[in-house]
Amino acid sequence: MFQPVAIVRTVAQAGVNLAAMNMGVRYAKGLEQSSSTTGPGNKYRLHIEGRNLSPKIAKMLSALTKSSIGGRKEANDNVVPTSLFRRTPFIPNYETNVVFILSILQNMLVALGNHRGKPFYQSILESRPLTIISVATVGICVALVAETAPKINTLLQLKTMPSKKSQATLFALVLLNLLA
């Protein structure tokens with residue numbers, strides 16, 4: 001049976017999540033357009049080069065992608081690298097940073113919002129695993145925004161934020177999500 005309070009709460013939570021994501025993406029688009037920095041995120045591109053692979057693996061991947069793993073030759077004999085399965089290589093940008101970080105946080109918040117609590121389950125604070133995962137999720141999001149571990153940000157293909165102001169703005173979006 002539907003309860004009106006639950007419906008209003010779910011719709012309000014979805015509205016806040018969409019508003020925060022929309023503000024974050026708009027801000028990130030503005031950063032991307034105004035950014036002229038060439039941090040490590042701008043140079044990071046993934047592609048597979050045939051010479052690094054064994055001949056058997058290169059042949060198998062070539063058959064899968066129906067192209068040369070090493071790249072295709074242009075008219076002037078330059079080799080242009082191609083990525084696996086003919087996809088363009090992923091290039092980190094600020095928009096993907098915002099969407100990635102906020103979606104992790106929002107998924108945790110939706111799980112907390114949908115937690116039924118008593119009498120069906122333990123309350124949120126009594127459920128040790130739920131509390132630990134929730135606190136860890138917030139900590140991970142804060143660490144990613146603060147760029148406390150640059151190697152993890154690089155591993156996750158997150159682009160380095162251009163300034164402390166942009167980090168503070170992303171912190172504000174995380175805080176907005178937490179408070180709402």
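Side chains included, hydrogens not; waters and symmetry mates left out as well; all remaining heavy atoms used.
Side-chain N or O atoms of Glu147 include one that pairs as donor or acceptor with a backbone N or O of Met161 at under 3.5 Å.
Under the 4.5 Å side-chain contact rule for hydrophobic residues, Ile152 and Val174 share a cluster. Grouping the Ile, Leu, Val, Met, Phe, Trp and Tyr side chains by contacts below 4.5 angstrom, directly or via other members, places Phe171 with Tyr94. Side-chain heavy atoms closer than 4.5 Å link hydrophobic residues (I, L, V, M, F, W, Y) into clusters, and following such links, possibly through other members, connects Val99 to Leu173. Grouping the Ile, Leu, Val, Met, Phe, Trp and Tyr side chains by contacts below 4.5 angstrom, directly or via other members, places Leu18 apart from Leu176. Cluster annotation: Val135 and Leu112 are assigned to distinct hydrophobic clusters (Ile/Leu/Val/Met/Phe/Trp/Tyr, side-chain heavy-atom contacts under 4.5 Å, transitive).
Atoms CZ and CG, on Arg26 and Asn22 in that order, are 4.5 Å from each other to the nearest 0.5 Å. Atoms CG and CD, on Asn177 and Gln13 in that order, are 9.5 Å from each other to the nearest 0.5 Å. Atom-to-atom distance recorded for Leu170:CG and Leu102:CG is 6.0 Å, nearest 0.5 angstrom. Note that NZ of Lys29 is 10.5 Å distant from CG of Asn93, once rounded to the nearest 0.5 Å.
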Please step through side-chain contact (heavy atoms from CB on, under 4.5 Å) for the pair Thr154 and Leu158, ending with a clear verdict.
-> CA-CA 6 Å; Thr154 302; Leu158 296 176; over 6 Å; no
From CA spacing to verdict: side-chain contact (heavy atoms from CB on, under 4.5 Å), Tyr27, Val98 = CA-CA 9 Å; Tyr27 180 72; Val98 169; 5.8 Å; no
Step by step, would you call Ile140 with Leu144 a side-chain contact (heavy atoms from CB on, under 4.5 Å)?
-> CA-CA 6 Å; Ile140 288 169; Leu144 291 175; 4.0 Å; yes
What do the steps show when you test Asn153 against Lys159 for side-chain contact (heavy atoms from CB on, under 4.5 Å), and what is the final call?
-> CA-CA 8 Å; Asn153 284 26; Lys159 188 172 183 178; over 6 Å; no
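Residues Ser103 and Met21 come closest through the heavy atom pair N-CE, 3.9 Å. Closest of all the heavy-atom pairs between Asn17 and Gln106 is O-NE2, 3.0 Å. The two residues Gln167 and Val145 come nearest to each other via the heavy atoms NE2-O, 3.2 Å.
The shortest side-chain heavy-atom distance between Leu31 and Glu95 does not fall under the 4.5 Å cut-off. At least one side-chain heavy atom of Leu109 sits under 4.5 Å from a side-chain heavy atom of Leu105.
Other residues, nucleotides and ligands place more than 12 heavy atoms under 6.0 Å from the CG atom of Leu175. Atom CG of Leu178 has more than 12 neighbouring heavy atoms from other residues, nucleotides or ligands inside a 6.0 Å radius.
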